[in-house]
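The figures that follow rest on heavy atoms only: side chains count, while hydrogens, waters and symmetry mates do not. As the structure is a computational prediction, the values presented were derived from the model and not from experiment. For the single chain, residues carry numbers from 1 onward in sequence order.
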Amino acid sequence: MNANPSVPEPDLKRPVGKNNAKQIVSIVKYLSDLAVEENVCAKSLWLDPIPASIYLDRLEEKYGWKEGGFVLNPLVGEYDDPFNQKQGAFSVPFSEEGNCLIYGATGSGKTTFLTTLCYSLLKHHSAEELNLYLMDYGSETLRVFEKAPQVGGVLLSADEEKTVNFFKMLRQETERRKKLFSDYGGDYAGYIRSSGKTLPNIVVFVNNYSGFAEQYEDLIEEFTLLSRDGVKYGIYFVVSAGSTNAVRYQVQQNFKQLLTLQLNDATDYATIVGRTDGLIPSRCKGRGLVVLDNVFEFQTAYCTDGDQQDFLRVFCKQQADEAESFAKTIPVLPEVVDFDFVQKRIGTLRSVPVGVTKSNLGIAELNLQSRVILPVVTQDVADAAPFVGGLLQVLSTVGTTVLADVDKAVTCPAGVRSVQGGYDALVDELFNEMVLRNNTYKDAGMDLSVLDAFEERVYVIVGIKHFFDQLSEQSKEDMALLLEKAEAAYKLHFVFCDTADQLSSFSYQDWYKRQLSGAEGIYTGDGIADQFLLKVNKITGDLYTEVGNEYGYIVSKGRPKLIKLLRYVSEKEGE
């Protein structure tokens with residue numbers, strides 16, 4: 001009798017004929033149909049292989065993956081252990097294992113691996129926990145992460161100056177961390193655990209190591225040292241290479257995590273991960289081998305099942321919009337050093353920004369408060385005009401600024417009083433103001449505090465020789481006297497811009513001898529080695545190099561520093 005009335009009994013009495021199925025086939029089909037209808041299935045004796053397309057967000061949900069804080073262990077895929085009939089989450093434990101080196105032939109999925117790894121890190125760590133720097137000498141697709149707040153910079157093959165500056169920055173950061181960590185066991189983990197302070201992990205991606213090594217051979221030794229010493233200080237490297245001979249053994253020794261995607265030569269797998277017992281990656285993009293407690297096959301996950309570039313652009317923008325902190329950017333010389341660039345550094349006349357130092361990319365500043373006269377020396381006054389305009393713009397935000405441009409070379413910014421002609425009246429004004437401040441100081445028994453009531457004033461004179469030439473004899477005497485007797489404490493300061501020859505014509509005068517030592521000042525453009533007004537302690541070959549009008553030198557105690565000069569940019573130019 002049929003136990004389940006909803007299922008018809010098989011007709012076992014039907015004769016077996018040439019066109020009829022055998023009874024055993026009918027029974028099997030009946031049982032198969034019954035199993036489908038009753039949703040009954042036998043447990044598989046083995047796991048299904050990992051699909052060729054898996055997705056990171058789904059993997060995190062599948063394995064309940066948790067990550068964050070100052071420990072880096074980003075999930076990047078899934079590995080397969082057929083011997084033990086299990087599959088597991090595949091991650092790159094930087095904090096525990098250090099640097100990672102991934103090999104793979106062209107088209108094997110190296111860029112996919114790096115993209116997923118980068119996305120995984122950005123998804124779970126803020127800029128306070130992680131700073132990423134992406135060196136892409138391959139497809140340049142890593143540029144998609146450029147806007148993420150945790151990314152301090154993306155370097156491409158054309159960014160030579162930026163790359164050199166980046167390695168200088170890494171070297172300085174390593175030295176800084178070495179000193180910081182010395183009281184906490186000397187390593188990053190100890191510092192984070194015991195100091196009560198935080199520092200971000202730094203992870204450097206190098207996509208296509210061969211491209212980097214060919215273009216920056218001079219940096220290979222430094223790369224070797226940084227990849228060796230950086231792990232201790234929370235600085236990690238992820239490098240991709242196309243073949244086993246692309247990375248020198250000396251460099252490879254600094255990478256504890258060695259992975260491989262598909263290679264052209266099957267014998268190379270053992271060179272990278274050791275004995276494989278014949279295991280090679282399946283022909284799927286992103287499939288590779290990794291050493292855990294044994295050699296296993298893994299599959300790299302994708303960031304999304306849609307268009308990855310569009311997805312990541314939206315992701316990075318969303319992160320930037322919500323971010324409260326941002327990674328330290330790679331210092332580079334700006335195209336133009338204008339008021340907007342230095343505005344945050346403007347304070348008092350004690351620290352007036354005048355450009356960017358080329359050697360360390362820091363803001364170059366001078367102390368105008370402690371001096372009466374600042375000489376700005378040039379081969380041609382017209383060439384120095386953009387710098388003087390920029391300086392005026394900065395000075396106008398600090399105190400009263402007056403421009404006397406005899407040569408009519410400078411565009412006068414807003415907020416600056418411009419005097420055109422009538423220079424005798426200007427000298428009378430100056431002389432009377434100097435007498436007032438001097439008498440106030442003397443009457444107070446030389447108590448400097450009485451001068452606090454007076455404002456700081458800066459008088460910028462462009463073409464000082466022509467300025468004197470247009471004065472009456474009495475005004476010349478008054479101007480020379482007030483310059484000779486002036487003290488920085490009186491808060492009246494002067495900037496004289498002229499050629500070396502013109503300024504030198506005053507070298508016999510008492511005011512020049514008292515106020516200008518020749519060891520302090522600014523030189524704009526080429527030719528600093530060919531003049532003698534600013535005395536440079538040591539003339540080197542570099543000083544004969546043509547630097548152009550955008551550059552100049554700030555001379556302090558006879559030592560010149562090459563700077564990219566501050567320059568005035570009008571509102572029309574800035575649009």
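Between the CG atom in Leu72 and the CG atom in Asn201 there is a gap of 4.0 Å [rounded to 0.5 Å]. Of the inter-residue distances, the one linking Glu477 atom CD with Met479 atom CE reads 14.0 Å to the nearest 0.5 angstrom. Rounded to the nearest 0.5 angstrom, Leu482 CG and Arg437 CZ are separated by 12.0 Å. Atoms OG and CZ, on Ser504 and Phe532 in that order, are 10.0 Å from each other to the nearest 0.5 Å. Taken from CG in Asn432 to CG in Leu436, the straight-line distance is 9.0 Å, to the nearest 0.5 Å. For the atom pair Ile192 CD1 and Thr198 OG1, the distance stands at 6.0 Å (nearest 0.5 Å).
The shortest non-hydrogen separation linking Pro149 to Cys316 is CD-O, 4.3 Å. Nearest heavy atoms, Val204 versus Met135: CG1-SD, 3.8 Å. Of all non-hydrogen atoms in Thr545 and Tyr553, the two that sit nearest each other are O-OH, 4.5 Å.
With sequence neighbours excluded, no residue satisfies side-chain contact (heavy atoms from CB on, under 4.5 Å) with Lys179. Taking Gln379 as the reference, Tyr523, Asp526 meet the side-chain contact (heavy atoms from CB on, under 4.5 Å) condition, with sequence neighbours excluded. Applying the ring pair (Phe, Tyr, Trp, His ring centres under 6.0 Å) criterion to Tyr191, with sequence neighbours excluded, gives Phe181, Tyr184. Scored by the salt bridge (Lys or Arg N to Asp or Glu O under 4.0 Å) test, Glu487 finds Arg514 as partners (sequence neighbours excluded). In this structure Thr141 satisfies the side-chain hydrogen bond (donor to acceptor under 3.5 Å, both in side chains) test together with Ser139, sequence neighbours excluded. Residues forming a side-chain contact (heavy atoms from CB on, under 4.5 Å) with Ala519 (at least two apart in sequence, or on another chain): Ser517.
Between the side chains of Asn99 and Asn254, no donor-acceptor pair is found at a separation under 3.5 Å. Donor-acceptor pairing under 3.5 Å is recorded for the side chains of His493 and Glu456. Side chains of Thr540 and Asp542: a donor-acceptor N/O pair is absent below 3.5 angstrom, by distance only.
Using the six-membered ring where Trp is involved, Phe496 and Trp511 have ring planes that are perpendicular, over 60° apart on the 30 and 60° scheme. Taking the six-membered ring where the residue is Trp, Phe223 and Phe255 present parallel rings, their angle staying beneath 30° rather than reaching 60°.
Contact annotation: the side chain of Val238 approaches that of Leu114 to within less than 4.5 Å [non-hydrogen atoms, C-beta and beyond]. Here the side chains of Ile235 and Leu226 are not in contact, with every heavy-atom distance at 4.5 Å or above. Side-chain contact between Tyr209 and Ile220 is present, with at least one heavy-atom pair separated by less than 4.5 Å. The side-chain heavy atoms of Asp159 and Phe166, taken from C-beta on, include no pair separated by under 4.5 Å. A heavy-atom distance below 4.5 Å is not found between the side chains of Thr499 and Val377. For the pair Val555 and Glu520, the minimum side-chain heavy-atom distance is 4.5 Å or more. Between Tyr551 and Leu562, the closest side-chain pair of non-hydrogen atoms falls below 4.5 Å. Using a 4.5 Å heavy-atom cutoff, the side chains of Ser126 and Gln150 are not in contact.
Judged by distance alone, the side chain of Gln319 and the main-chain N or O of Leu122 form a donor-acceptor pair under 3.5 Å. Judged purely by atom type and a 3.5 angstrom limit, Lys564 uses its side chain to pair as donor or acceptor with the backbone of Glu335. Remark: side-chain polar atoms of Asp407 are not paired, donor with acceptor, to backbone N or O of Ala409 under 3.5 angstrom. Looking only at distances, no side-chain donor or acceptor of Asp530 sits under 3.5 Å from a matching main-chain atom of Tyr544.
In this structure, Phe467 has its ring center under 6.0 Å from that of Tyr423. Taking the six-membered ring for Trp, Tyr188 and Tyr233 have ring centres at least 6.0 Å apart. Residues Tyr216 and Phe167 keep their aromatic ring centres 6.0 Å or farther apart.
In summary, Arg177 and Glu173 engage in a salt bridge, as defined by a charged side-chain N under 4.0 Å from a carboxylate O. A salt bridge links Arg417 to Glu429: at least one charged side-chain nitrogen sits closer than 4.0 Å to a carboxylate oxygen. Ion pairing between Arg457 and Glu455 holds under the 4.0 Å rule for side-chain N and carboxylate O.
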request  = In sequence, state the C-alpha distance, the side-chain angles, and the governing distance for Arg171 and Glu175, and then conclude on salt bridge (charged side-chain N to carboxylate O under 4.0 Å, His left out).
outcome  = CA-CA 6 Å; Arg171 182 173 65 250; Glu175 291 301 317; over 6 Å; no
inquiry  = Quick one, Asn207 with Leu142, criterion side-chain contact (heavy atoms from CB on, under 4.5 Å). Give me CA distance, side-chain angles, the key distance, then yes/no.
reply    = CA-CA 9 Å; Asn207 185 21; Leu142 295 182; 4.1 Å; yes
inquiry  = Go through it in stages, so that I can follow the logic: the residues are Asn438 and Tyr490, the test is side chain to side chain donor-acceptor pair (under 3.5 Å), and I'd like the CA-CA distance, side-chain angles, deciding distance and then a yes or no.
reply    = CA-CA 7 Å; Asn438 177 69; Tyr490 294 164; 2.6 Å; yes
message = If you apply the rule side-chain contact (heavy atoms from CB on, under 4.5 Å), what do you find for Phe70 with Leu130, and how did you get there?
response = CA-CA 8 Å; Phe70 293 89; Leu130 168 73; over 6 Å; no
request  = Step by step, work out the side chain to side chain donor-acceptor pair (under 3.5 Å) result for Ser475 and Asp424.
outcome  = CA-CA 6 Å; Ser475 292; Asp424 286 337; 2.9 Å; yes
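A side chain to side chain donor-acceptor pair (under 3.5 Å) with Thr378 is found for exactly one of Asp498, Thr524, Asn549, namely Thr524.
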